[in-house]
Every structure is written in structure tokens, then in C-alpha cells.
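Quick notes on the structure that follows.
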Number of protein chains: 2
Amino acid sequence: MAGKRRAEMMQETREKLIGAARKAFAEKGYAGASMDDLTAAVGLTRGALYHNFGDKRGLLAAVVNTIDGEMAECARRAALKAADPWEGLLAEGVAYIEMALDPEVQRIVLLDGPAVLGDPSQWPSQNACLAFTIEAVEGLIADGVMKPVDAEAAARLLNGAALNAALWIAASEAPEAVLAKAVEAFRCLAAGFLARPR
Amino acid sequence: MAGKRRAEMMQETREKLIGAARKAFAEKGYAGASMDDLTAAVGLTRGALYHNFGDKRGLLAAVVNTIDGEMAECARRAALKAADPWEGLLAEGVAYIEMALDPEVQRIVLLDGPAVLGDPSQWPSQNACLAFTIEAVEGLIADGVMKPVDAEAAARLLNGAALNAALWIAASEAPEAVLAKAVEAFRCLAAGFLARPR
DNA sequence: TCCTTTTACATACGTAGCGTATGCATATTG
DNA sequence: CAATATGCATACGCTACGTATGTAAAAGGA
């Protein structure tokens, strides 16, 4: 298939670089990942990198964007499977906790991402996860299920709690046991937003 | 005052380096801070640095340790001023949110710290803030004020929520307004842990 | 008091890795 | 079929980390 168009070729190299970066950043961390090694792993050089992404940060941003999208998709699926909207919100939080157990997510999105790119809410991806959570919260407030607090504030606190729990679990020696405790506490905590206790 | 003992001198250079590092890390970020510049700013060279702290990470760890201690002290004071233990826990969370508005705390402890040193709970300082919160939670559970959830899980979720709120506030354009929203939502959320609604 | 040893820090060096400037080959345009 | 633009490689300089080595002063012993 030598008959590929120029744009297709470029798209392909971008994907190759993002894939390699995902691995390298996850394994070595952002600072520890060498651009020379990373590009060579897919048969390219740093030339391709700087042409396509500007600099090292640009590549990280692209990787974060990709993973963030996958996470939002995963959270959405978890929420849709739930019995009602409130359970959906909880399922979303739990899904978030579970996703954050993935070393790739942890290292790239939760640790290096914020440190290198700044606050997640300022990312171009606008943190798809958060956006989805805000939507859910707004619906629940409108339906009177949740107390009328600021939707963004509620979403951020919930996501923040889940995120921190995930870091804790991942660093612990008995992830499964800790996960159970964290999920229980999370459900309990979230209930504080309920207009009427269940 | 040339009559200083050796140990005192060393303690002094350690403090000078930590002070300079605090400034440099806060202003330029961990990766962007040059050890040459940083040490020269207090009339030393990298020799002193590597002798006292091993490497760049070691210096960051020392700085984080210092700030973490100050934060715990601040949280403790806030909690003691409250009317009762439950309000104390809330005050602690709010204090945590407010402290995280300090750019120095944000950049060093919340962003670069976890990225470079790993999960905060594994730090030698053992995250003084968290330890104090856990203590408070255990007391509240014993007194039947809070539901009998896992104390560490509850403390981590609360701190996580507060931390994330702080990052949000700091990045926002109207910190004061956002702070109010966040604090309200935080109080509401925390109420989920109450055995009996108030 | 004088000699020895340790220690706290400075100086010098090697090296990795980022960003940029330049070159080249292929694809697109007229 | 020329002319231009583009995607990527090659080459270079510079910054900054970590280490190896040097040195002067303090601590300790006789």
C-alpha cells in the first residue's frame, strides 16, 4: 500500500508516536523518557516529533488527551448500566477509582499530567471525565435528587475524592481490600449530596 | 560569631538551601529549577547540595517535608478553634483548601511532589496532614458522631476532595467566589459521613 | 601543642538530552 | 515538467545533572 495520501501518512506517524509515548511515559515517567529512544522505537527520529507536536510537552498533551477520552467513554458506559441516575453517578465515581488503578492512567494522567501541563481543568480536552460528571450532577439537581449545590463544585469534589482514593489504593499492598473500603466510604460520602437520605 | 560549632554550621547551610529551593521550585517548578542557580543564590555550590541531600530529589523531599509540617500545624490550629469535634474536622478540610491556594504549596506539594516523589502517603513525613485527619475521624467514629466507616478511607476521601477543590480554585479567575462554592459543597459532602443528619 | 583523620564544601569533568537550524527527498500544484 | 511546499532526518549547541577529585578547616588523640 504505497498509494497512501500524505495526510494519512502523517496521521499514522502521529499515532505511532503517541503509542510509543504512552508506553515510555508510563514506564519511565515523563522526565525519564528519552525522546530519542521513544521515536527510535517506532523507526522515527525526533525530527518527526518536533514537526508534529512542537515539543515534548505537546506530545504529552496529545497522549493525555487520548487517555482522557478513553476514560470518559468508560465512565459513560458504567453510568448507563446503572439502575437510576443517582446510582449512575456513584457508578461513575467507582469506575473512576478503578480506572485510576491502571498504572498508565496513574503515571501519565494523574501524576505527570498535572505537574507538566498544569491544572487538568485547563486542558484542551477540558477533562472529558469531569464534563460528563457535571452533566450528571446538573440533571440530579434539576430532578431534586441532589441538594441544590453548585454542580461544578460537587462534580470536582466527587472526582477529587475518587482520584485520591485511587492513588491510595494503587500504592497499597492489598489493593483489593483497600478498594472495597474506599468504595464503601465513597458511597457514604456522596450520600451527603442527597436531598433525602435513602 | 565565628565560634560556631560544626553541626550548627551544617544545619545553617541546610536551611539556606531548603529556603532557596522553596523559592526556586515554587517559581520555576522542579524541572525548571537549576541547581547551579539555586545554590549560588545563597553563596554555595552544588557541592554543598549533593553532600547534604544526595541529589535533586533529596532536596525536594526535604522541602516538601518542611512545608508539610507547616500545613499540619496550620490545620491543627484551625481544628482546635472549632466549637466541637465535628466542626473541627470540617474546619480542617476548609483550612486545607485555603492553604492549597498558596502557589508554593500548590506547585511543590500538590503538583511536583507527587510526580517526582510518588504517592504522598509513602513519604517519610507520612503526610502529617493526613495523619492528623485520621486521628480526628477515629475520635468521631468512636463517639458515634460519624458512621463506622474505615477511618483512613474517610480521611483520604475528605483530603482528596479538599485538595482537588483547591487546585480548581487556584486555577480559576475568581478565586473568592469559587472558594465559597467549594466550601459549601464540601460541608455538604462531608455530612454524608454523619451518623445523624444535623 | 602538634599531628592525624574526618568532614564539609568547592572545582572540574563527562554525559545525556532538549530544542533549533539545516538539508533532503517525496508529494502536490500550476 | 518545472516549481514549490511539506514531512521528516541529520547536525549542532547548550544546559544541567551527577560524580570524581581536591582542599581547607574542624575534631580527636597523644
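Basis for what follows: all heavy atoms, side chains included, without hydrogens, waters or symmetry-related copies. Note that the coordinates shown come from a computational prediction; the quantities given were computed from them, not determined experimentally. Throughout, protein chains are lettered first and strands after them, A, B, ... in sequence-line order, and every chain is numbered starting at 1.
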[atom1] of [X] versus [atom2] of [N]: gap in Å, rounded?
X        : N       : atom1 : atom2 : answer
Leu44(A) : dC8(D)  : CG    : P     : 7 Å
Leu49(A) : dG7(D)  : CG    : P     : 15 Å
His51(A) : dT26(C) : NE2   : P     : 17 Å
Leu38(A) : dC18(C) : CG    : C1'   : 13 Å
Met9(A)  : dT6(D)  : CE    : C1'   : 12 Å
Leu59(A) : dG17(C) : CG    : C1'   : 15 Å
Phe53(B) : dA8(C)  : CZ    : P     : 13 Å

Does some side-chain heavy atom of Tyr96(B) sit less than 4.5 Å from a side-chain heavy atom of Leu158(B)? no
Considering just the side-chain nitrogens and oxygens of Thr13(B), establish if one lies under 4.0 Å of OP1 or OP2 belonging to dC9(C). yes
Is the distance from OP1 or OP2 of dA8(C) to the nearest side-chain N or O of Asn52(B) less than 4.0 Å? no
What does nucleotides 12-23 of chain D look like as a protein-contact string, B for base, S for sugar-phosphate only, - for none, at under 4.0 angstrom between heavy atoms? B----BBB----
Would a distance-only check, ignoring hydrogens and angles, find a side-chain to backbone donor-acceptor pair under 3.5 Å from Asn52(B) to Arg14(B)? no
Taking the side chain from Lys16(B) and the backbone from Gln11(B), do they hold a donor-acceptor pair closer than 3.5 Å? no
Is any NZ, NE, NH1 or NH2 atom of the basic residue among [X] and [Y] found under 4.0 Å from an Asp or Glu carboxylate oxygen of the other?
X        : Y         : value
Glu27(A) : Lys23(A)  : no
Glu87(B) : Arg187(B) : yes
Glu70(A) : Arg22(A)  : yes

